[in-house]
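These notes concern the structure reproduced below.
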Amino acid sequence: MTLLDRVWVAAESATGGPSSATLELVSGARGLGKVVELFTWGDEATVASSADVLGGYGVTRVYSVGDIGPALPGPRVASGMAGLIWAGDSPDVVLVGATYDGRDVAGRLSAKLDRPTITNVVGLAEAEGPRLVAEHAIFGGAQSATSQFTGPGPGIFVVRDKTFEARPTEVSGVPVSVVPVEVAELGRTSAAQVVSRHVETQEGPKLDEATVVVSGGRGLGSPERYALVEELAALLHGAPGATRAIVDAGWVAYSHQVGQTGKTVRPTVYIACGISGATQHMVGMKGARHVIAINTDRDAPIFGIADLGVVGDCGVVLPRLIESLRARG
Ligand code: FAD
C-alpha cells in the first residue's frame, strides 16, 4: 500500500491532555501517512506534556498556535495551517474531528484554501494516486457515499468519532518536535470569545467510552421511566444513552443522544429500550459488538441489527432485569 507523505490533524480541546477523539484521529492518520503532524494550542508546558503523550501515538511534530486565552481555537488553528501551506508546505490530507471546534477549523480552512471539505466521514481508505477515498453519510444519514478529492491541494476531511480506534504505537521514546506557528491577522471572524465554561457532572463512564451502553427511546412511554435506563446502566457499570426523540421531547439532556447528530458509541454491549431503530440512530451505535433490543413491535427495524431481541414492554422487562441483577449482588 502506498502511504501518503504527510497527514495533518487538528487537535480537539480537552483538559488534562489530548482527548480520546484526538488520539483516535492520530491513530487513524498513522495508518494513512508516513508522517503525522498535529496542530494544537495552549501554554508551553501543556503543549509539551501533550506532545509526550502524542509521541506514543505516532505523532512526530506538534505545531502550536500558542496560548489562546478565552478565544476559540478554530480561527487560529485554521490560520496557522493556511499560513504554512501558503508558505509552501504541502500536506496531502487534513483530518479534523466532527465536533464544534473541528467543523470550525474545516470551514475556515476550506474558505482560506478555496478547497471543499468532505464531512461526516466514517471511513477512509487509500486509493490510486495516492489519494484517499472517504465513506461518508449523506441525505441526513439515510445513505452513504464514497468520495475523493481531485486537483491540487490537501483533502480536508471532517471525521466522525469512533471511525478509528485509539492505539498507541509499539515504538516508544520517539522524540516529538514542538514548533510554534505564526498566526496571521485574524480579522473580525475571530471575534467570538468563550465567556464561561460549564463542565457537566457525570457519574460512571463517559457515554462514548463506555463498554456497556443502555439507551432509551420514546417506547419508554414517559420521562420518569428513563430512571430505569439509568439504573440498568449503573448496575452494568455502563452509561445511559438516548434517542433524539426523547432528547427533543426534553426527557434527557442532549449529551445523552446517540446517533447522527449525537454521539457515536462503540460499546461491547448496547441495550436499546423502546427504540425503533431509525437510520439516524443506528449510524451512532451500529459499531457495537453486541446489540440487545427490547421493543413491543416485533417488526421494529432495530431487531434487524440485534443479536438478541426481546419482544416485550420496557415497563415490564426493565424492572425485572434490574431486580434480577440486584439479586445477584
Ligand atoms: P420511535 O421511532 O417513535 O420509536 C419508539 C419505539 O418504541 C417503537 O419501535 C415502538 O414499537 C417501541 N415501543 C412503544 N412502546 C413500547 C414499550 N412499552 N416497550 C418497548 N417498546 C415500545 N435520532 C437519534 O436517535 N439520534 C440522532 O442523532 C438523530 N439524528 C437525526 C438527524 C436528522 C437530520 C433527522 C431527520 C433525524 C434524526 N434522528 C435522530 C431522529 C430519528 O429519525 C428518529 O426519529 C428517532 O431516532 C426515533 O426515536 P425513537 O426510536 O425513540 O422513537
Side-chain angles (χ1 to χ4, degrees), residues 21 97-100 102-103 118-122 135-145 158-163 200 206-210 213-233 238-267 269-288 291-324:
T99 59
Y100 296 117
R103 290 187 179 106
I118 296 181
T119 60
N120 265 326
V121 173
V122 291
E135 182 192 349
H136 59 113
I138 56 169
F139 299 137
Q143 290 185 22
S144 79
V158 181
V159 184
R160 287 187 64 97
D161 55 1
K162 299 289 176 288
T163 297
E200 201 171 350
K206 283 171 73 178
L207 179 56
D208 49 0
E209 291 171 10
V213 172
V214 184
S215 280
R218 195 149 34 198
L220 288 172
S222 71
E224 292 72 36
R225 288 243 181 99
Y226 191 76
L228 297 171
V229 168
E230 289 176 314
E231 192 169 357
L232 182 59
T243 63
R244 177 165 164 178
I246 69 166
V247 170
D248 286 353
W251 295 8
V252 288
Y254 168 70
S255 56
H256 290 73
Q257 186 176 315
V258 172
Q260 187 197 324
T261 43
K263 294 210 166 80
T264 305
V265 298
R266 213 181 262 269
V269 178
Y270 187 88
I271 307 180
C273 312
I275 292 175
S276 59
T279 322
Q280 295 90 352
H281 183 75
M282 293 209 282
V283 81
M285 46 65 74
K286 65 181 183 195
V291 176
I292 300 171
I294 306 165
N295 197 305
T296 43
D297 175 9
R298 63 176 58 248
D299 296 321
I302 192 75
F303 287 135
I305 61 157
D307 301 286
L308 175 68
V310 180
V311 179
D313 182 343
C314 282
V316 175
V317 178
L318 286 177
R320 288 209 192 147
L321 205 48
I322 289 167
E323 200 181 294
S324 60

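Both counts, for ligands and for their atoms, begin at 1 and track the order of listing.
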message: Out of Gly262, Ser276, Gly312, Ala245, who is nearest to atom 49 (O) of ligand 1 when you count heavy atoms only?
response: Ala245
message: Judged on heavy-atom distance to atom 8 (C) of ligand 1, which of Leu318, Asp297, Asp313, Asn295 sits nearest?
response: Asn295
Quick test: of every protein heavy atom, which one is nearest to [atom], and how far off is it to 0.1 Å?
atom	answer
atom 24 (C) of ligand 1	Arg244 N, 3.3 Å
atom 36 (C) of ligand 1	Gln280 NE2, 3.9 Å
atom 3 (O) of ligand 1	Arg218 NE, 2.9 Å
atom 22 (C) of ligand 1	Thr296 OG1, 3.3 Å
atom 14 (C) of ligand 1	Gly219 CA, 3.5 Å
atom 50 (P) of ligand 1	Thr243 OG1, 3.6 Å
atom 27 (C) of ligand 1	Gln257 NE2, 3.2 Å

If every non-hydrogen atom of [X] is compared with every non-hydrogen atom of [Y], which pair is closest and at what distance?
X	Y	result
Pro319	Cys314	CD-O, 3.5 Å
Val122	Thr163	O-CG2, 3.2 Å
Asp313	Gly315	OD1-N, 2.7 Å
Lys162	Thr264	CG-O, 3.5 Å
Gly217	Thr243	CA-OG1, 3.6 Å

So if I count the atoms of ligand 1 from 1 in the order they appear, which ones are less than 4.0 Å from some heavy atom of [X]?
X	value
Thr261	27 (C), 28 (O), 29 (C), 30 (N), 31 (C), 32 (C)
Gly259	26 (N), 27 (C), 28 (O)
Gly274	5 (C), 6 (C), 7 (O), 20 (C), 21 (N)

statement: Taken to the nearest 0.5 Å, the spacing of Cys273 SG from Leu228 CG works out to 9.0 Å
- line: dist Ile302:CD1 -> Ser276:OG (nearest 0.5 Å) comes out at 7.5 Å
message: Testing Val258, Ile305, Val291 one by one against Met282 for a side chain to side chain contact (heavy atoms under 4.5 Å, CB included), which residue passes?
response: Ile305
So for ligand 1, is [X] a polar contact partner (N or O within less than 3.5 Å, distance only)?
X	result
Gly277	no
Gly217	no
Cys314	yes

task: Assess Val258 for proximity to ligand 1: is some non-hydrogen atom of it under 4.0 Å away?
output: yes
- prompt: Sub-3.5 Å donor-acceptor pair from the side chain of Arg160 to the main-chain atoms of Gln260, do we have one?
  reply: yes
- prompt: Above 12 or not: heavy atoms from other molecules or residues under 6.0 Å from OH of Tyr100?
  reply: no
- request: Show your working on side-chain contact (heavy atoms from CB on, under 4.5 Å) between Tyr226 and Leu220 and close with a plain yes or no.
  value: CA-CA 7 Å; Tyr226 191 76; Leu220 288 172; 3.9 Å; yes
- prompt: Are any of the protein's heavy atoms under 4.0 angstrom from atom 30 (N) of ligand 1, yes or no?
  reply: yes
message: Below 4.0 Å, non-hydrogen atoms only: which portion of Ala278 touches ligand 1? Side chain, backbone, both or neither.
response: side chain
